[in-house]
Amino acid sequence: MKKILAAALFGCAMMAANAAFADPVKIGMITTLSGGGAGLGVDVRDGFMLALKQSGNKDVTVIIKDDAQKPELAVQIADEMIQSDKVQILTGIIWSNLAMAVVPNAVGQDIFYLSPNAGPSALAGAKCNKNYFNVAWQNDNLHEAMGSYASEAGYKKTFILAPNYPAGTDALTGFKRFYKGELAGELFTKIGQTDYAAEIAQIRASGADSVFFFLPGGMGIAFMKQYAQSGIKIPVMGPGFSFDQDVLGAIGDAAIGVKNSSQWSKDLDNAANKKFVESFQAEYGRLPSLYASQGFDTANLILSALAKAKVTDADAFRAALKAADFATVRGKFKFGNNNHPIQDIYVREVVKDAGTLTNKIIGVAFKDHQDAYASQCKM
Amino acid sequence: MTFALFAEQLLNGLQFGVTLFLMAAGLTLIFGVMGLINLAHGSLYMVGAFACAAVAAWTGSFWLGLVASLAAAAGAGALVELLVIRRLYDRDHLDQVLATFALILIFSEAMRWLFGPFPLYLDMPALLQGAIILPGGIEYPLYRLAIIVIGIAVAIGLHLLIARTRIGMRIRAGSSDREMIAALGVDIGKLYTIVFALGAALAGFAGALVGVNQSVQVGMGEPVLILAFVVIVIGGIGSLRGALIGALLVGVIDTMGRFLLPQAFMLVMEPSAAATTGASLASMLIYVVMALILAFRPRGLFAPA
Amino acid sequence: MTREFWINGVLALLLLAAPFIALAFGESFYVTLATRVAILALAAVGLNLALGLGGLVSFGHAAFFGIGGYAAGLLAAEGLASMPLIWLVGAVVAGLVALATGAVSLRTSGVYFIMITLAFAQMIYYFVISWPTLGGEDGLSLALRNEFPFVNTLKPLNFFLIAYGLLLLALFVFARLRASRFGAALEGARQNETRLASLGIEVFPVRLWAFVLSAMITSVAGALYADLNRFVSPSMLSWHMSGELIVIVLLGGVGRLFGPVAGAAVFVLLEFALGGLTERWQLFLGLILLGTVLFARGGLLALFAGKARHG
């Protein structure tokens, strides 16, 4: 009897879902699939497509194009997707500078944009938009978490460094916002720099008790390797970007023990996450990264909203997105007034688990953390 | 600022210069002998690093990886020379720029196809791990010292190769008078392939050595390629001695600029602003130096006659 | 009338007709694509002046392209949103920079010239990317497209026509210049410097002015490019951009009047079509470029219109 009831309920649910799914939906994904930053785009895409595949939803088509990390090309692709392919939803951009080039214009044309990675401060504050939803974090968040952690861990003299570009200065500002000690030094490195001998020598000479750095991609790998062999024993910390599954393998054992911050971790204890990590590994033969989790959440958020409202009914669809009524792999997730997440941010430690480098959660830096720009958003 | 820190930074500059020399030596050799401007030199550097990382991961031995990097880069170089470069010797520099620019695109995507989009792991051999204490109390990574020694050894080796051996004599003859050497009955096609493969091997070797310290990934050759061009232009294109001195100059100026400029601005500005302003100017410094040198010596410091 | 003349005419008409046909089919995106072709062609016409006529292989024209772009971004932020004013400011600044860098660079030749122009462009690139008020890597966004007297530039077709008009103007200047005494001196200097010197013509100032004019034309294209994308970023100044401009000139045919137009059209369409087919499009782009250099010397126009009469 129970079974029959369950089957009947399931059938009703399917019919209801079918009713809402009936309209075909087109999603445009602009992401980085070639060049040095391709790893991040590939992970976002794979996470996104995995969620779509699991949903079994046949009405959603995704058009994927490579932006080669060039802002001009991203703008051209966005124009093409909006004008020619007539997509209703855009997503996929990895880099803040590309997001700044594409997003304001796209949402101005009543297209929905869901960010699976970049969260520049302008889009969280004065330039926030009702059609722009950030499913990852505001750029400062993970750095703020590390600043808070550094204070709690009792560090008094932290040496901080980042590349000399907007996301880099934002990172250090974010760290300082929650860090109460004094700075042993503050350095901006050249973007794309690969040799950090000069910076490491300064760290050694500064008398610092800890080091915080934000060096995305290859820059961070190079820094960590060179730092490890310099013989300096001062503890290092950074945002999760520099210590996630995509780069840990390349850094090697030098990363073991490093504390980093993230809104997600492979070992987060909830059913959705367990299923995600398992199925991602089964599908692609590698562990998911932070970026893959963000792609996965983005797709599930879209699917949850599509189940409630048609994308053509913009107001209803927007409300359905804002409700964020989906099984997030982060355990819980809600949007603030500026459509940016209010979420927990964890402190993780890099460990070796059965021969593979990965992260495990060791604490919570923030509970229900909201970004610093939300008050500037008039929405 | 202590003396130890200053000395350590000088050593860092020296070490950076030596790695640039390994890149620049091949570039300047190829230009000197064949008159070819090769933008794809950075791609051969990448090939070396990938080969080293792959073989080291497979066999567990860094040294085998290093051998593989030489072999793979030389092999790729010889192949590219036979298929493409050979048709470019009698073209103008413009065609060479375009063709080798195309080669960069091809190499980058091919490597990504073969090895996937994620950076590869490459670690130094246990022998060279850790830091040692130098006289004066400077704690310095052993691996960086090793690079300095290897770089100087390669410079001496190249000098001997060119000054003392038969092939070196042919290379010298090739760069001063091409018709003459053909008249002497030397197979010039073979000579060119060998020189190109030698330059490629040097680049691949540099890629493997540097890959240990950095990130082995697609596109890793481009920043260092531009620096290597700055080096050979400052030194005088075609001159090995110029490449060595240019490389050390660029290495030391760049390192000291990054170190000293922000500190200098700190005297007149508040720390955050000084850090950004200093970093901005430091990143332009070597190009300013290059422009100054060329303004007074349009053919570099040691241009061959 | 030579065959090249007719081919040029067909090219000009095709580019003009493309957006109208696209609109007739309701495919407004192709108007944007055609505008992109026109703007990149304009930039390449500027480079072609130095590279094609003067034989000056500048590997740093992205600097001038970017200067035009940043003129648009900075002036628009100050509320000075008039296109002609922006073009003027961009062209004057680019011209002055070209005068200063050209005066140093033109003392060198051959590979040294290629590399020193690259070095100057890198210098400007690093300055822009790290100087805080210029927006760093994020660049500057333009809230609205800048204005042109009596024209609604927000309409894609109108903006295309502005870019197209400037392209024709630049082509006209290029053609007149090539036929002038100045152009003859410039081409003479490329072919045989000593002969020109023996005629009592000083080579240096001729080259310098050609370099300056070339930079000014490219900077106007940069300003338009900023308006097309509604933002400027340091990637406009990167050495890849310099490389792409050279590629465009070479694809079409060095020194030919319509070479940049043919080159820009083929380059943009290749990037667009290959990008839609495969994520490994850069590999195929590389192969096609390589094939062009090795087997289609003189560029596409040489395939259809025969070898250039001067060259």
Side-chain angles (χ1 to χ4, degrees), chain A residues 29-35 38 41-42 45 63-86 95-106 108 118 120-123 127 139 163-170 188-193 216, chain C residues 22-23 25-33 35-36 39-40 65 69 122 125-132 134-145 156 222 225-226 228-236 238 240-241 244 268 271-272 274-283 285-286:
Chain A
M29 178 181 281
I30 308 167
T31 197
T32 304
L33 301 172
S34 66
V42 168
R45 178 195 65 189
I63 303 165
I64 302 171
K65 274 209 164 185
D66 172 29
D67 59 33
Q69 209 175 332
K70 290 186 193 165
E72 291 83 9
L73 193 55
V75 168
Q76 183 189 313
I77 295 170
D79 281 346
E80 181 197 355
M81 284 177 167
I82 295 170
Q83 295 169 7
S84 208
D85 299 321
K86 310 264 187 272
W95 316 98
S96 292
N97 57 330
L98 273 69
M100 285 305 291
V102 168
V103 172
N105 187 53
S121 52
L123 295 178
K127 282 188 180 171
N139 280 356
N164 191 14
Y165 75 124
T169 42
D170 283 358
F188 288 100
T189 61
K190 187 158 125 179
I191 191 156
Q193 185 176 324
Chain C
L23 279 183
F25 284 95
E27 288 284 356
S28 55
F29 168 68
Y30 292 93
V31 182
T32 314
L33 212 59
T35 315
R36 204 178 158 84
I39 292 171
L40 286 176
F65 195 61
Q122 287 293 100
Y125 171 79
Y126 280 116
F127 175 76
V128 168
I129 205 165
S130 54
W131 202 255
L134 293 176
E137 201 193 28
D138 286 358
L140 305 166
S141 304
L142 281 71
L144 274 177
R145 194 165 275 162
Y225 201 61
L228 175 71
N229 294 326
R230 296 163 304 263
F231 81 100
V232 273
S233 81
S235 68
M236 276 177 80
S238 73
H240 278 270
M241 191 72 224
E244 280 176 16
V268 169
E271 196 177 65
F272 171 69
L274 288 176
L277 286 178
T278 160
E279 71 180 70
R280 310 210 186 281
W281 58 280
Q282 296 198 346
L283 177 66
L285 183 65

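Scope of the values below: all heavy atoms of this structure, side chains included, with no hydrogens, waters or symmetry mates. This structure is a prediction, so every number in the text was calculated from the model and none was measured. Order of the sequence lines sets the chain letters (A, B, ...), proteins ahead of strands, with each chain counted from 1.
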Compare all side-chain heavy atoms of [X] with those of [Y] and state whether any distance is below 4.5 angstrom.
| X | Y | value |
| --- | --- | --- |
| C/F231 | A/M100 | no |
| A/F188 | C/S130 | no |
| C/F272 | A/E80 | yes |
| A/S96 | C/D138 | yes |
| A/Q76 | C/F29 | yes |
| C/T32 | A/Q83 | yes |
| C/R230 | A/P104 | no |

Quick one: pull up [atom1] in [X] and [atom2] in [Y] and give me the separation to the nearest 0.5 Å.
| X | Y | atom1 | atom2 | answer |
| --- | --- | --- | --- | --- |
| C/R280 | A/S34 | CZ | OG | 10.0 Å |
| A/K70 | C/E271 | NZ | CD | 5.0 Å |
| C/L228 | A/D79 | CG | CG | 7.5 Å |

| task | Ignoring hydrogens and angles, state whether a donor on the side chain of C/S235 or A/E72 is under 3.5 Å from an acceptor on the partner side chain. | result |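 A donor-acceptor contact under 3.5 Å links the two side chains.
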Measuring heavy-atom distances to chain A, does [X] have an atom under 4.5 Å in its side chain, in its backbone, in both, or in neither?
| X | value |
| --- | --- |
| C/R36 | side chain |
| C/L33 | side chain |
| C/S28 | both |

| said: Heavy-atom cut-off 4.5 Å, strictly under: side chain, backbone, both or neither for A/N164 against chain C? | reply: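 Contact with chain C involves both backbone and side-chain atoms of A/N164.
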| request: Please determine, among A/K190, A/K127, A/M81, the option with the most heavy-atom pairs under 4.5 Å with chain C. | output: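 Of the candidates given, the most pairs with chain C belong to A/K190.
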